[in-house]
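Let me begin by presenting the structure, written as structure tokens, before commenting on it.
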There are 2 protein chains.
Amino acid sequence: MTFSVATIDAAVAPPPMPAPPTQAAETVTGRCAGCSARSKGLCGALTAGDLPDLSTASRPLDLLSATPVVMEGEEADAVFTVMSGMLKLYKTLPDGRQQITGFATAGDVIGLAVGSGYAYTAETVTASTVCRMSRTALRRLMERHPAVQGRLLAMTSVELSAAQDQILLLGCKTAVERVSSFLLALSRRSRPLADGTPSVFLPMPKVDIGAYLGLRPETLSRVLRKLEVAGAITRLTNDRIRIEDPAALEAAA
Amino acid sequence: MTFSVATIDAAVAPPPMPAPPTQAAETVTGRCAGCSARSKGLCGALTAGDLPDLSTASRPLDLLSATPVVMEGEEADAVFTVMSGMLKLYKTLPDGRQQITGFATAGDVIGLAVGSGYAYTAETVTASTVCRMSRTALRRLMERHPAVQGRLLAMTSVELSAAQDQILLLGCKTAVERVSSFLLALSRRSRPLADGTPSVFLPMPKVDIGAYLGLRPETLSRVLRKLEVAGAITRLTNDRIRIEDPAALEAAA
DNA sequence: GGCCCGCCCTGATCTGGATCAACCGGACCC
DNA sequence: GGGTCCGGTTGATCCAGATCAGGGCGGGCC
């Protein structure tokens, strides 16, 4: 079952990125140099002089939305760094119920596996660009550059901490508390609007946000309405919310 | 606020372990050599020749039950390896609600922190022995023995995977599914009874199991009764359950 | 244009687990 | 012994959120 890779290849957004019009030498050493996620994720652990190692080890992929990247249980033969866009990571129960364990954005690394199989499915929610690196290439990179292993440990630790926060959210909090916590967490990671008020961008469908927070979409909708009536938020468009009263959300979370 | 360490010192089970009656040289190099958790946790990454490094970096502590070891938010100046006993790790909301994020047993490392403060509180549920290592000693050990960092990464990855399983449990599963999953997970990590049937040991109070599974103790009690009536389990004592029908639990999980 | 389909919202009803309350039995202390 | 305390269990009731049902709207396609 190598469905995921086949799917990725099939879903590469046309046109499949023509060769850059610069010199041929640029194509390998320069690809990573100009990468927007260059300073994030694993790559941030390397200096400019190490860029050739990185460029030869990885390959960028442009993906349409709703494209699976890794599938839970499949042979984990590669990791992916998100360069742009957003992916959802989720686990599925035998009867089809799904729990989204996280959303990945630029700089996040997906596909790190403990055993041989991926622990979750990852699928784009918007058109995205990811950078593929085979597991063996990652291992080589770690051996040659110990800082990469350190970075990997730091990133995994941050993810573990986030997962424990999510356990607290799912185990203890009410619907209003969950949504408030979620909006606050997102707002801390996004730029405020031109007028300075914080806002959050929600490109994923409401059913996915619900699946992340352990709520049905109907409940999410009702909670958002309640927060709006209370004056804590304003729904600008379907996928953007302005935080009117961060303190109120903080109190509700 | 160094409440945790002060508490630990105060709670060391008397008598405070008299100096071993062997040669003085043994006291440093030999302590780790005879450790029952020697092959587990961080220490398993080191060979016998490295034992002096380990012995000088760490110090064992005997603790009574209900003793806090690390406190959420406190300055994270040390990590602890569990040698024996069991601890509960939990997070607390401002209003006092608590979510247990995990139980730690022999070989587990607690107190790894992303920032400067511990991410959770850890407290013994039974009398336990833990081995304290300062953060700086751990850093030195990692620099001198790169394998320790690799082991740390592997352990953190396993914990992350477990945390994601718990997110799935809390976000999707019903009470019966949660309890069944919990019993199965525990039974996989424990020895079967003399007659070969699997069993689980539950030294922690029911309210703690509930706080781990996102259930009230009343609900846990009712679910256990239901599983017993269904013939899937037998309650031998208050703290030991025999798994009569693993397949039934599997189906219910 | 008109149709369809997916997403979202809202209202009505249902229900799994929480909450409230009472009781039991063992450990501990006086 | 008798009391108290604490953990566990059971029963009765409640309620937050799930489920069921219907309707609106925008975007893609014929």
Side-chain angles (χ1 to χ4, degrees), chain A residues 64-66 88 93 95-100 123 125-127 169-182 201-229 233-241 252-253, chain B residues 64-66 86 88 93 95-100 123 125-127 169-182 200-229 233-241 252-253:
Chain A
L64 298 175
S65 64
K88 60 176 175 182
L93 288 175
D95 67 357
R97 279 173 290 173
Q98 294 185 342
Q99 175 65 36
I100 292 182
E123 182 183 317
V125 297
T126 67
L169 181 146
L170 292 170
C172 285
K173 295 189 183 180
T174 66
V176 171
E177 291 166 342
R178 291 179 198 198
V179 175
S180 301
S181 302
F182 175 68
F201 177 47
L202 302 167
M204 67 293 270
K206 296 277 176 289
V207 65
D208 284 348
I209 300 176
Y212 178 61
L213 298 176
L215 300 173
R216 298 286 128 189
E218 297 95 324
T219 302
L220 177 62
S221 176
R222 283 184 248 269
V223 170
L224 288 175
R225 161 146 296 274
K226 181 185 280 192
L227 291 177
E228 189 165 27
V229 169
I233 63 172
T234 302
R235 313 179 74 165
L236 300 176
T237 65
N238 192 34
D239 59 7
R240 180 161 296 275
I241 288 177
Chain B
L64 298 177
S65 63
M86 179 178 280
K88 61 176 175 181
L93 288 176
D95 66 357
R97 279 173 289 174
Q98 293 185 343
Q99 175 65 35
I100 292 182
E123 181 182 316
V125 298
T126 66
L169 181 145
L170 292 171
C172 286
K173 295 188 183 179
T174 65
V176 172
E177 291 166 343
R178 293 180 196 196
V179 175
S180 301
S181 302
F182 175 68
V200 298
F201 176 48
L202 303 167
M204 68 293 269
K206 296 277 177 289
V207 65
D208 284 349
I209 300 175
Y212 178 61
L213 298 176
L215 300 173
R216 299 283 127 189
E218 296 96 324
T219 302
L220 178 61
S221 176
R222 282 183 248 271
V223 170
L224 287 175
R225 162 145 295 273
K226 182 186 279 193
L227 291 176
E228 189 166 28
V229 169
I233 63 172
T234 302
R235 312 178 75 165
L236 301 177
T237 65
N238 192 33
D239 59 6
R240 181 162 295 276
I241 288 177

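Chain naming here is simple, since letters A, B, ... match the order of the sequence lines and numbering starts at 1 in each.
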Positions of residues 233-241 of chain A (non-hydrogen atom under 4.0 Å from DNA chain C), listed by number: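 Contacts with DNA chain C under 4.0 Å: Arg235(A), Asn238(A).
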
First encountered from the 5' end of DNA chain D, between Pro205(B) and Val176(A):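 The answer here is Pro205(B).
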
Do side-chain atoms of Thr237(B) reach the backbone of Asp239(B) as a donor and acceptor pair under 3.5 angstrom?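 Yes, the answer is positive, given that a donor and an acceptor are paired below the 3.5 Å cut-off.
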
Qualifying residue, where the test is side chain to side chain contact (heavy atoms under 4.5 Å, CB included) with Pro205(A) and the options are Val207(A), Leu202(A), Ile209(A):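 Of the listed residues Val207(A), Leu202(A), Ile209(A), the side chain to side chain contact (heavy atoms under 4.5 Å, CB included) partner of Pro205(A) is Val207(A).
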
Terminal helix-axis angle for the helix from dG1(C)-dC30(D) to dC30(C)-dG1(D), with five pairs defining each axis and rounding to 10 degrees: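 Between the first-five-pair axis and the last-five-pair axis there is 30°.
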
Indicate whether OP1 or OP2 belonging to dT10(D) is found under 4.0 Å from a side-chain N or O atom of Arg225(B).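 Checking dT10(D) against Arg225(B), a side-chain N or O does come within under 4.0 Å of OP1 or OP2.
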
Between the protein and nucleotides 19-26 of chain D, list every N/O to N/O distance that falls short of 3.5 Å.
residue, atom, partner, partner atom, Å
dT19(D), OP2, Arg216(A), NE, 3.1
dT19(D), O4, Arg222(A), NH2, 2.9
dC20(D), N4, Glu218(A), OE2, 3.3

Return the minimal non-hydrogen interatomic distance between [X] and [Y], and the atom names on each side.
X: Thr126(B); Y: Pro203(B); value: CG2-CB, 3.6 Å
X: Gln99(B); Y: Cys172(A); value: CB-SG, 3.6 Å
X: Arg235(B); Y: Leu224(B); value: NH2-CD1, 3.5 Å
X: Phe201(B); Y: Arg240(B); value: CB-NH2, 3.4 Å

Nearest whole angstrom, please: distance from the C1' of dC6(D) to the NZ of Lys206(B).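 One finds 14 Å between C1' of dC6(D) and NZ of Lys206(B), rounded.
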
Report the distance from atom CZ of Arg178(A) to atom P of dG17(D), rounded to the nearest whole Å.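 Result: 7 Å.
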
Contact class for Gly210(B) vs. all strands (heavy atom < 4.0 Å): base, sugar-phosphate, or nothing?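 No contact.
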
So where does chain A start and stop touching DNA chain C, 5' to 3', when the test is distance under 4.0 Å to a non-hydrogen atom?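 Extent of the interface on DNA chain C: dC8(C) to dA12(C).
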
Is there side-chain contact between Leu220(B) and Tyr212(B), with at least one heavy-atom pair below 4.5 Å?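 Counting from C-beta outward, Leu220(B) and Tyr212(B) never come under 4.5 Å.
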
Just distance, no hydrogens or angles: give the donor-acceptor pairs under 3.5 Å from side chains in residues 174-181 of chain B, sequence neighbours left out.
residue, atom, partner, partner atom, Å
Thr174(B), OG1, Glu177(B), N, 3.3
Thr174(B), OG1, Glu177(B), OE1, 3.3
Glu177(B), OE1, Arg97(A), NH1, 3.0
Glu177(B), OE1, Arg97(A), NH2, 3.4
Glu177(B), OE1, Thr174(B), N, 2.7
Glu177(B), OE2, Arg97(A), NH2, 2.7
Arg178(B), NE, Lys173(B), O, 2.9
Arg178(B), NH1, Leu213(B), O, 2.9
Arg178(B), NH1, Gly214(B), O, 3.4
Arg178(B), NH2, Leu170(B), O, 3.2
Arg178(B), NH2, Lys173(B), O, 3.2
Ser180(B), OG, Val176(B), O, 2.8
Ser181(B), OG, Lys173(B), NZ, 2.9
Ser181(B), OG, Glu177(B), O, 2.7

What pairs with Asn238(A) under side chain to side chain donor-acceptor pair (under 3.5 Å), at least two apart in sequence or on another chain?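 Not a single residue meets the side chain to side chain donor-acceptor pair (under 3.5 Å) criterion with Asn238(A).
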
Could you state the interatomic distance from CG (Leu215(A)) to NZ (Lys206(A)), rounded to the nearest 0.5 Å?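 Taking CG in Leu215(A) and NZ in Lys206(A), the distance rounds to 13.0 Å.
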
